[in-house]
Number of protein chains: 2
Amino acid sequence: MDVNAIDRQALAAATDRAREAYAEFEAAGLKLDITRGKPSAEQLDLSEPMLTALQPGDHTASGVDVRNYGPPAPGLTELREIFAPLVGVPVDQLVARDNASLALMHQCVAMSFFHALPGGRDAWGGKPVKFLAPAPGYDRHFAVSVELGVELITVPMTDDGPDMAVVEELVRSDDSVKGMWCVPKYSNPTGATYSDETVRRLGAMETAADDFRIYWDNAYAVHHLTDEPAELADILEACAAAGNPDRAFVFASTSKVTFAGGGVSFFGSSPANVEWYLARDFVRAIGPDKVNQLRHVRFFGDTAGVEAHMRKHAEIIAPKFEAVRNALDHDLGPLGIAEWTDPKGGYFVSLDLVPGTAKRVVELAKAVGVALTPAGATYPYGNDPDDANLRIAPTLPPLAEVERAMKVLTTCVILATEETLG
Amino acid sequence: MDVNAIDRQALAAATDRAREAYAEFEAAGLKLDITRGKPSAEQLDLSEPMLTALQPGDHTASGVDVRNYGPPAPGLTELREIFAPLVGVPVDQLVARDNASLALMHQCVAMSFFHALPGGRDAWGGKPVKFLAPAPGYDRHFAVSVELGVELITVPMTDDGPDMAVVEELVRSDDSVKGMWCVPKYSNPTGATYSDETVRRLGAMETAADDFRIYWDNAYAVHHLTDEPAELADILEACAAAGNPDRAFVFASTSKVTFAGGGVSFFGSSPANVEWYLARDFVRAIGPDKVNQLRHVRFFGDTAGVEAHMRKHAEIIAPKFEAVRNALDHDLGPLGIAEWTDPKGGYFVSLDLVPGTAKRVVELAKAVGVALTPAGATYPYGNDPDDANLRIAPTLPPLAEVERAMKVLTTCVILATEETLG
C-alpha cells in the first residue's frame, strides 16, 4: 500500500459519509463481537450427535476398556488412524491427547527447560532462550513464550510464509534461538499457506542450536473455505530428507472441528521426539481421556467422515468470510487506504491499514459497541511497530451481525485514516 | 514387629507347606495382577449411564454454551457446587479442570519454577528445591518431583499422618524446602487419615521458605470402605487460622469415582493462589472440557448423588479388601512375620515385612505369574531403606483372583522370610 497514492479528495468525501454513519451507530446501541476465532452455535450443532456417539456397552477400543487407566500410551490407535492422513504424520509417530493443542505446545516448551531434547546436550533452564515469531501471528503462541521466559524475535510474514532469508540468518547465527512458531496452513491471521520452498528451507536450514524445534501448529489442516484446498508440504519429511529428523513438533486439534474445549488434540514428530514426549507426559498424567477419544472415533467413523464434516463447517462460515471481503472491497477498495487477505481457509482475515491507525480504529469501534481484537495482538508483546494490522474473526456471530460489524469497521477505518492523514 | 520374637519352629513348619503350595502355583500358570490402584470393570459399569447423560440440545450451563471456548474460567459453577462440600473448599475457591489431578500438581510444581508464588519473592528456577515425602507414599508424587528436579526428603508416616516433629524441624531449618506431598485421607498406601492435630500443626508450623506449599492430594475424599467415614480436618481453614492462608494447594478428582482418565479434577486454595493458578492456566489452554464437566453434573445431580454413587463402589470393593485382610490374618497372623494396615477407605493395603525380604517376595510372586507393585515403589527414588514395605492394590481383579493372588503373596512372604532368617 502506497500511502502517498491515496486520493485525498475521495477520502474526504468518504469521511463525510462515514461521520453520518458513525452517528447512526452511536444511536443504535450496538453490541457486536468479532474478536476471537470461535465457532458459531450453528457449527457446534454439527457435532451435537457426538454427545450420544457412545452408547452404554460401547467402551472397548485398541483392545482396552477406554474407561480405565492404561494403554495405548499414544492414545487410541483408531483415532490416530483417522487423523494421521489429515495432519500428515505416520500413525506410529502420532500421539492423541486431550482437548487443547495449545497445552501440548506449552508442555513441550516448559519441559524443554527441565529435560534435554533429543539432539540437545542440556535442558534450557538457566539459559537465554529465544523463539522466532513470524508476525502477524497468533497471540497465544506469543503468550506461552512470555509466560515461560522465552524471548520473541519478530520475523516478517510473506504470502509464502515467514521471510526465510531472515529466518535462516537468525537461526544460523545465534545458538540461543531454540524454536520457532508456525501456523503453516491458512495462517493465523493472514491465511497464508507456507510454500513448498519455504517448507523445504525450514527443514534444511543450518541452525546454531543443536536442539532447535519448529512448533508446527497445523491448527487449520482441514479447515478449508473453498473446494480447492491449499496443499501443505510435509514438514517431517522435509526435515528428515535434509538430515534433521528431530527438528519439527507437529500439533493439531479438533477444537474447531467438534467442540472448542471438548475436542481431542494431536502431537506428531520423529520417533525420538515422540519417545521424549511420552516419557514427559507419563509423569504428568497416567493417560489421556480415552473415552472422549473413542467418542470422536465413533462420530467420524473414518478420515472421509472428518472431511465431509468440515465441508459442512465451510458451508456455514464461507458466507461470513464473503461478507467480510465484500465490505472491504466495497467500502475501502476504491479509497486505497487498506489491504487485506482473502483466505482460502482458517478462521481469520488480516487487515493492514495506514500506519498509526489500527489502535484508533479499535477505539472508535469500541465506542459504538463493536469489539475488535486489540490492535497489536498479532505481534510479539502486543506491539505492532507500525500500528497497522488488525485481525478480523467472522465465524462466531450470525451473518447479519458480521455484515453490521464490518460496516462499523470500515467506517472507523475511514475516520481514523482521515484523522491521521488529514 | 519384633523379628527376634518370631517363632522359628512355626515358621519352618509353615515354610514346608509354603514350598508345596509354591510348586502348585508354578504348575498352575497363573497370570494375576494386584499392582495398581485401578477400578474394576464392575466399578466402571456404575458410571456407564454417564456416556449418555448429555442428550442433544443439553449444552447450556453457567449461562454459557459448554461446547464453545469461554467462561467461567474456574470451570462450571454447577460442578464446583456439587464437589465443594466433598473436598472441603468454598465454591469460589474451587477450580474444576480436566481428567487428571496429577496433571494439576505437575503443573503447579513446574510453573513455580517460572513464576513466583503468592508470598514468594522469586520463582524457583535455578535454585535447589526440596519437597518432603512422607513414606510409604504415592510413587507418582515422587516421580513428578524427580522429573522436575525437586529433591525428595523422606519423612516417616505414622497412623496420624507424617511424623510432625520431623516435618516441623525440616521446614523450619531449610528455606529450600518448598513443598510437601500429602495424601491426607485413606493415605496411599497406608490408609491412614491425618489426625486433627496433624492438620493443625501443618497449618501452623513455622517455615523458612516464604512460599512453602502443602500439596494436599485428597484423592480418596469420598472413597469410604465402611459406613463410618474418616473425618479429615479442613486444611485451608487450619492454614488460614494460623495466619498462613496461602500454604495449601488442595487437589481431587473423579478418576476413581466415574472413569479413570475420563473424569474431572479439582484445584482448591486461597483466593490469591486461585488467581495465580488461573493466570498460569489461561496461558496454557483457553479453558477446560466443559462438555465433560456438564456430563458429570447431569450424572450426579447433586452432592448426595456422589455419595450414593460411592456407596455402590464400596459394595463392590469392600469384599476384596476383606479378602486381603482374611488372607493376611489367616496365613501370616500366627507367624508374626508381618504387619499390615486395615484401611477404612482408599485403594490400598500397606504390608510391612521382615527387613530385606520385600524385593524377594516380588521376585518369587513374579516367577509364578503374580504381579505385585515393585518393592521400594512407596519410597522416594524407589528406595525402601529396609526393603520391607509392599503395597497391595486389590480393586482391579475379580474377588476370586484377589483371593488367589493373596494366597500366592502370603506363600512368598513365608518363603522369603525363611530364606532371610533361616
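Note: hydrogens, waters and symmetry copies are ignored here, and every other heavy atom, side chains too, is used.
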Would you confirm whether [X], through its side chain, and [Y], through its main-chain N or O, come within 3.5 Å as a donor-acceptor pair?
| X | Y | answer |
| --- | --- | --- |
| A/Lys38 | B/Tyr69 | yes |
| B/Gln55 | A/Thr52 | no |
| B/His115 | A/Glu147 | yes |

Tell me, side chain or backbone of [X] under 4.5 Å from chain B's heavy atoms, or both, or neither?
| X | result |
| --- | --- |
| A/Phe113 | side chain |
| A/Asp58 | backbone |
| A/Met105 | neither |
| A/Pro39 | both |
| A/Ala100 | side chain |

With side chain to side chain contact (heavy atoms under 4.5 Å, CB included) as the criterion, how do A/Asp289 and B/Asn292 come out once you've worked through the C-alpha distance, each side chain's angles and the decisive distance to 0.1 Å? CA-CA 10 Å; A/Asp289 183 349; B/Asn292 203 34; 3.9 Å; yes
Which region of B/Leu396, side chain (C-beta onward) or backbone (N, CA, C, O), has a non-hydrogen atom less than 4.5 Å from a non-hydrogen atom of chain A, or is it both or neither?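 For B/Leu396, the contact with chain A is made by the side chain alone.
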Does atom CD (A/Glu42) have a neighbourhood of more than 12 heavy atoms from anything else shown, all under 6.0 Å? no
Given the options [options], which has more heavy-atom pairs under 4.5 Å with chain A than any of the others?
| options | result |
| --- | --- |
| B/Leu44, B/Leu51, B/Leu102 | B/Leu44 |
| B/Leu54, B/Leu104, B/Ile286, B/Val144 | B/Ile286 |
| B/Val146, B/Asp65, B/Leu148 | B/Leu148 |
| B/Ala285, B/Pro56, B/Ser255 | B/Pro56 |

Choice from [options] maximising heavy atom contacts with chain B below 4.5 Å:
| options | value |
| --- | --- |
| A/Gly263, A/Gly149, A/Pro288, A/Gly125 | A/Pro288 |
| A/His59, A/Gln293, A/Lys256, A/Arg295 | A/Arg295 |
| A/Gly126, A/Gly287, A/Ala41 | A/Ala41 |
| A/Ala123, A/Ser101, A/Gly262, A/Ala103 | A/Ala103 |

After noting the C-alpha distance and the side-chain angles of A/Val291 and B/Asn99, does the key distance pass the side chain to side chain contact (heavy atoms under 4.5 Å, CB included) rule? CA-CA 11 Å; A/Val291 178; B/Asn99 61 330; over 6 Å; no
List the atom of A/Met111, the atom of B/Ala110, and the distance in Å for their closest heavy-atom pair. CE-CB, 4.0 Å
